[in-house]
Amino acid sequence: MGSSIDPSIWQTLAARLVRDPGTPVDNPTTSFWQEPLLPIAQHASSSLPKDAEVVIIGSGIAGISTALHLLRRDPRLSIVMLEARTAISGATGRNGGHIKAVPWADYFALKETYGKESAMKITKFRLAHLEAMVAEAEALGEEGKVGLVRRVDGVCAIYDKDFWTQAKLRLGVFLDDFPEEKGRWNIHEDEKELKALELADAHGCIVGPAGAAWPYRFLGVVLSRLLQSGQLSLETHTVAKDIRRTSSPTHPYEVHTTRGTVVTKHVIHCTNGHAAHLLPALKGKLYPLRGQMTVQAVPPGFPRAGMQRSYSPMWAKGFDYITQSAGEDGSLYLGGGLLQDGLDNDEDLGNPDDSRLSAGCLRHLEAVPGRAFVHGKGSTIEKKWTGIMGFTGDGLPLVDRVHQYLSGREECDPAAGGEWLAAGWDGYGMVHCWLTGKALAAMVTDHEDEVLEWFPRAEFACTQDRLARMSPESALRHLLGHLD
């Protein structure tokens with residue numbers, strides 16, 4: 001695909017992906033999800049703990065899930081969670097609210113690239129997240145209902161004729177290898193059926209199981225309960241500046257922050273698009289991508305179906321993602337628009353700054369309701385904000401022990417501790433992070449054998465061979481191919 005792009009544009013974009021993403025900016029746009037702020041949003045100890053058995057950098061869904069599952073394995077563990085801004089202020093508190101895999105689309109490409117066995121393992125892992133998160137929310141009882149974790153029908157509406165033909169073929173490949181999913185994923189292309197689903201001018205749609213949520217509130221409840229345990233210390237407004245090896249046999253790492261230093265056995269990087277700042281070998285292999293979100297008010301005639309449906313309008317190039325308010329207002333939480341304004345006008349690839357909006361994406365998103373829905377004309381943007389995602393050079397997450405070739409730091413005896421990485425969700429954090437936290441907790445506590453059957457350990461591993469195959473150019477080719 002890259003051969004058709006002006007070489008100077010290609011070089012400019014590739015150069016962005018090798019820049020140091022730095023740490024999160026301190027003046028981000030205001031996310032609708034984060035109003036009002038959680039009571040624990042600014043939580044911090046009066047003085048930074050001097051030591052811990054585990055330091056987790058990042059307070060998003062990956063970090064929170066890892067902490068929760070570590071404490072379920074060993075309630076005596078002492079954990080310090082570092083957050084550069086307020087709690088859950090990154091992508092988890094800025095996303096579209098989807099708990100949605102698109103297996104019929106992704107499985108086809110995964111099978112071609114990695115083979116049937118790996119493709120099936122990755123797909124099953126992603127699909128398992130809906131059940132896992134619904135169960136977790138239900139276990140929280142009345143308190144958990146604030147997170148609005150719910151099952152919905154995920155409607156993938158396709159507005160390009162050639163893409164629709166391909167989509168039906170891809171769905172067939174998926175169902176051939178997953179016969180147990182037949183009946184759960186259905187094609188609709190009759191005009192009356194499409195209008196009943198509120199779709200205007202779509203060639204067809206594929207409807208399957210999905211979820212929706214208010215992730216900031218859901219994770220806020222989980223994090224609040226962890227703080228009540230007394231084993232987790234949440235340190236907001238505390239930027240991790242550097243990691244150094246020590247000679248200590250019990251605490252082989254020092255994490256230097258803007259508020260002091262913590263010595264620890266384990267360091268877990270859950271910083272997603274910012275991971276290459278503390279792990280420079282990831283530059284050009286794991287890069288930030290700024291996403292644009294909006295809340296849009298809908299006309300009176302627009303169905304209030306937020307408890308029943310979510311949407312993904314898919315265009316000739318690219319797609320958007322929409323969940324709907326579960327309340328009577330029926331507001332659309334609509335994000336996307338990536339590269340719809342053209343590569344030469346792109347502002348988002350390699351951009352770690354969520355203090356600014358994406359003008360090109362907003363121009364596209366403003367028009368989406370009127371293009372995609374029967375009653376969408378007249379929708380208006382009420383809120384708009386951005387967030388930073390982390391994308392990898394091959395489209396799969398990086399989850400592994402951090403070896404010296406990645407950190408530049410001498411590795412300690414694995415029995416004494418280690419550095420770990422869980423990042424690069426490629427815009428699909430809600431169907432990767434929760435169970436990755438469960439798997440990572442098993443790895444950190446030396447019980448990796450317990451997750452090998454269901455976790456894509458080999459596929460997500462951060463090996464030298466895999467990293468060597470990644471480059472800014474391969475990352476761009478993968479992203480642009482995915483959007484086609």
Side-chain angles (χ1 to χ4, degrees), residues 95-135 149-158 160 163-189 197 202 204-213 309-314 318-323 336 389 391-392 394-397 399 424-436 439 453-460 478-479 481-484:
N95 66 25
H98 271 297
I99 308 170
K100 182 177 182 179
V102 191
W104 58 267
D106 295 339
Y107 178 72
F108 184 87
L110 289 169
K111 187 176 180 180
E112 281 192 331
T113 305
Y114 300 102
K116 180 178 178 180
E117 184 178 350
S118 287
M120 291 188 74
K121 193 165 192 176
I122 294 167
T123 301
K124 287 179 180 178
F125 175 72
R126 292 171 174 171
L127 289 172
H129 275 75
L130 177 56
E131 296 299 324
M133 295 187 71
V134 167
V149 179
R150 59 199 187 274
R151 301 176 195 274
V152 296
D153 290 330
V155 180
C156 291
I158 298 173
D160 178 76
F163 188 7
W164 178 235
T165 300
Q166 293 176 22
K168 289 186 283 186
L169 291 173
R170 292 179 180 185
L171 176 63
V173 172
F174 165 62
L175 294 178
D176 283 345
D177 289 350
F178 288 82
E180 69 276 13
E181 293 289 331
K182 290 180 179 178
R184 304 185 75 204
W185 302 84
N186 297 296
I187 289 172
H188 298 274
E189 49 189 343
L197 290 169
C205 70
I206 295 173
V207 180
R309 292 196 292 270
S310 67
Y311 302 91
S312 293
M314 297 182 167
F319 61 93
D320 304 311
Y321 39 92
I322 306 171
T323 56
M389 299 173 279
F391 278 65
T392 66
D394 59 10
L396 294 182
V399 183
W425 314 116
D426 286 81
Y428 286 92
M430 297 295 283
V431 291
H432 281 124
C433 292
W434 188 260
L435 292 177
T436 288
E453 184 176 340
W454 56 266
F455 182 70
R457 181 69 177 94
E459 292 79 7
F460 293 177
H478 177 84
L479 178 65
H482 182 65
L483 292 174
D484 262 358

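Treat the numbers as computed from the prediction; the structure is a model and nothing was measured.
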- [ ] Determine whether His478 and Thr113 make a side-chain contact, defined as any pair of heavy atoms from C-beta on separated by less than 4.5 Å.
- [x] no
Task: Close side-chain approach of Trp185 and Pro209, heavy atoms under 4.5 Å - done: yes
Task: Side chain His129, main chain His432, donor-acceptor under 3.5 Å - done: yes
Open item on the list: Donor-acceptor pair, distance only, cut-off 3.5 Å: does the side chain of His98 make one with the backbone of Ile322?
Closed with: yes
Task: Over all atoms of both residues, closest heavy-atom pair of Ile99 and Val431 - done: C-CG1, 4.1 Å
Open item on the list: I need the minimum non-hydrogen distance between Trp434 and Ala132, along with the two atoms involved.
Closed with: CD1-CB, 4.2 Å
Open item on the list: Looking at every non-hydrogen atom in both residues, tell me the closest pair between Leu127 and Pro103 and how far apart they are.
Closed with: CD2-CG, 3.9 Å
Task: side-chain hydrogen bond (donor to acceptor under 3.5 Å, both in side chains) between Lys100 and Ser310, intermediate numbers included - done: CA-CA 9 Å; Lys100 182 177 182 179; Ser310 67; 4.5 Å; no
Task: Close side-chain approach of Tyr114 to Asp394, heavy-atom, < 4.5 Å - done: yes
Task: Min side-chain heavy-atom separation Trp454-Leu435 under 4.5 Å - done: yes
TODO: Please examine the side chains of Val173 and Leu169, heavy atoms only from C-beta on, and report whether any two atoms are closer than 4.5 Å.
DONE: no
Task: Distance-minimising heavy-atom pair for Leu197 and Cys205 - done: CD1-SG, 3.6 Å
Task: Flag if over 12 foreign heavy atoms under 6.0 Å of CD, Glu117 - done: no
TODO: Mind checking side chain to side chain donor-acceptor pair (under 3.5 Å) for Lys124 and listing every partner two or more places apart, or none if nothing turns up?
DONE: none
Open item on the list: Could you go through Ile122 and Phe460, starting from their C-alpha distance and side-chain angles, then the distance that decides it, and tell me whether this counts as side-chain contact (heavy atoms from CB on, under 4.5 Å)?
Closed with: CA-CA 9 Å; Ile122 294 167; Phe460 293 177; 4.3 Å; yes
Task: Thr123 side chain near Asp106 side chain, heavy-atom distance below 4.5 Å - done: no
TODO: Please test Glu453 against Lys121 for salt bridge (Lys or Arg N to Asp or Glu O under 4.0 Å), starting from the C-alpha separation and ending with a verdict.
DONE: CA-CA 9 Å; Glu453 184 176 340; Lys121 193 165 192 176; over 6 Å; no
Open item on the list: Show the nearest heavy-atom pair for residues Met120 and Tyr107, with the distance to one decimal.
Closed with: CG-OH, 3.5 Å
Open item on the list: Taking the side chain as everything from C-beta on, heavy atoms only, tell me whether Phe163 gets closer than 4.5 Å to Phe319.
Closed with: no
- [ ] Please name the pair of heavy atoms, one in Ala167 and one in Ile158, separated by the smallest distance, quoted to 0.1 Å.
- [x] CB-CD1, 3.4 Å
Open item on the list: Is any side-chain heavy atom of Phe108 closer than 4.5 Å to one of Phe174?
Closed with: no
